[in-house]
Amino acid sequence: MEKVRTRFAPSPTGYMHVGNLRSAIFAYLVAKHNNGDFLLRIEDTDQTRQVEGAVDFIVNTLNLCGLTPDEGPNHPGNYGPYVQSERLSIYQEYAQKLIEMGKAYYCFCDEERLTKLREKADLEKIPFLYDGHCKNLSKEEIATRLKNGEKYVIRQAMPKDGVSEYEDIVYGKITVENKLLEDQILLKSDGYPTYNFANVIDDHLMEISHVIRGNEYLMATPKYNHLYDSFGWEKPVYIHLPMVNGGDGKKLSKRHGSASFMDLYDDGYLPEAVVNYLSLLGWTPETTDEVFTLEELIKYFDPKRINKSPAIYDVKKLNWINAHYMKKLSINQLLAITVPHLENAYDLSDKNKQWIEKLVSIYQNHISYGKEIVDVTALFFKDHISLDDECRDFLSQDGVNNLINIFKEEIENIKDWNVENINQAIILAKEKSGMKGKMLYMPIRIKVTGQMHGPELPDTIYLLGQNIVLNRLNK
Ligand code: GLU
């Protein structure tokens, strides 16, 4: 088999939607499963959508996720340049070849004429297709108009009869009637290619064996295949990926909260967990396992097991997977993704390093992503805690007041404030009050934290400090 080569071909918009990142992951996995190459190609032919620094942003994102390209703008191989705006002469050369072969033609139609055609199509409620007006201009007329400097585009001359078919790995056989294929623009009047042209030229010249991209290109692919056929080029294997929807069933977008990788990263999600989660968006592994390292994904990934139906981006599941990875972090890794959020939210000036370390570590198994540390630790940073009805009901039970008074005395008696002595105080309170189990721990927890659940009670009490604990027990 020829070498497997796949590519991720984003437009540099300065934003990495998780759906885009999923395309990158799948392209990476197909390449690496087959010991192949993974390329990054920047598709910047829409000059109106350029964003400063967007290429670095894409490269950083891929590197953070471990999806380092073998070739790309920062790692040129033998197939460069890897940025489409640096390849304009290549597209022009191939467009000329198509014209010579009669597979493309100059079109001089102006905006006014095209607008009229569009309006007519709208009125008739049929999809707008360019009507081929310029398809049969004489050589002389073309030469004159070019000489006069008239604006033009180059259009693909599409067959009008019969059907076009191809096989997609995910969607199976795709059939389109040729009369529905538009004589699409290949080169725009500014000399830039359209995506529709550049993707074919580049995928061929870069020897891409498998094209992996969103399914919005599924029905346009027959047009691309006609370009391959015109040049006599071998077509790649096509793997179109199902859409990613939000929980409301609509296409995932910025509306759905953290649908951008950087937002997730900034909130303290772990790239390896995000990659793991996104790999399951539309792909079902053969086992029931759901937690996979990148190496395991490379080993098990099989594009034949990608589903056609839209995948649902489920934040709860992402959190579950992320929490799983959080539990394995070293203390330093954990500090790195939590402390900046604490610093942002609270005044830590009177807290020492040990205190912060201990705080973060007792919550390691209680949070699903870094920023969540802020909410769960609020009780350490406020003067007053308020109790909900459930907590109040619990405290109104017989014997609770007595227990709290006893415990308060034991806490007052502690000379050396440490977890062991706090533990001892709880044991003494148990013996003296006769309360045990839930009736021992819960009232104390509620009084000092305002909550019914949380990390180990002695640790929590220790971090709150003797004064605050006494204050809260007094209230
Ligand atoms: N630039 C296209 C996009 O961002 C790439 C599609 C493809 O992978 O061919 O949608």
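Read the numbers this way: they start at 1 and go in the same order the structure lists the ligands and their atoms.
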On the 0 to 90° scale, with breaks at 30° and 60°, tag the Tyr15-His17 ring pair as parallel, tilted or perpendicular. tilted
Can you list everything that forms a side chain to side chain contact (heavy atoms under 4.5 Å, CB included) with Ala95? Sequence neighbours excluded, please. Ile154, Leu187, Phe197
Under 3.5 Å donor-acceptor pairs involving side-chain atoms of residues 21-30, not counting sequence neighbours:
residue	atom	partner	partner atom	Å
Arg22	NH1	Pro242	O	3.2
Arg22	NH1	Leu281	O	2.9
Arg22	NH2	Pro242	O	2.5
Ser23	OG	Gly19	O	3.4

How far apart are the C-alpha atoms of Trp320 and Tyr369, what are their side-chain angles, what is the distance that settles it, and do they pass the ring-ring contact (aromatic ring centres under 6.0 Å, His included) test? CA-CA 9 Å; Trp320 179 79; Tyr369 57 96; over 10 Å; no
Side-chain contact test, heavy atoms from C-beta onward, threshold under 4.5 Å: evaluate it for Pro236 versus Val211 and give yes or no. yes
Near ligand 1, which protein residues have a heavy atom under 4.0 Å away? Arg7, Ala9, Ser11, Glu43, Tyr195, Arg213, Tyr217
Could you work out, with salt bridge (Lys or Arg N to Asp or Glu O under 4.0 Å) as the rule, every residue matching Lys328, not counting sequence neighbours? none
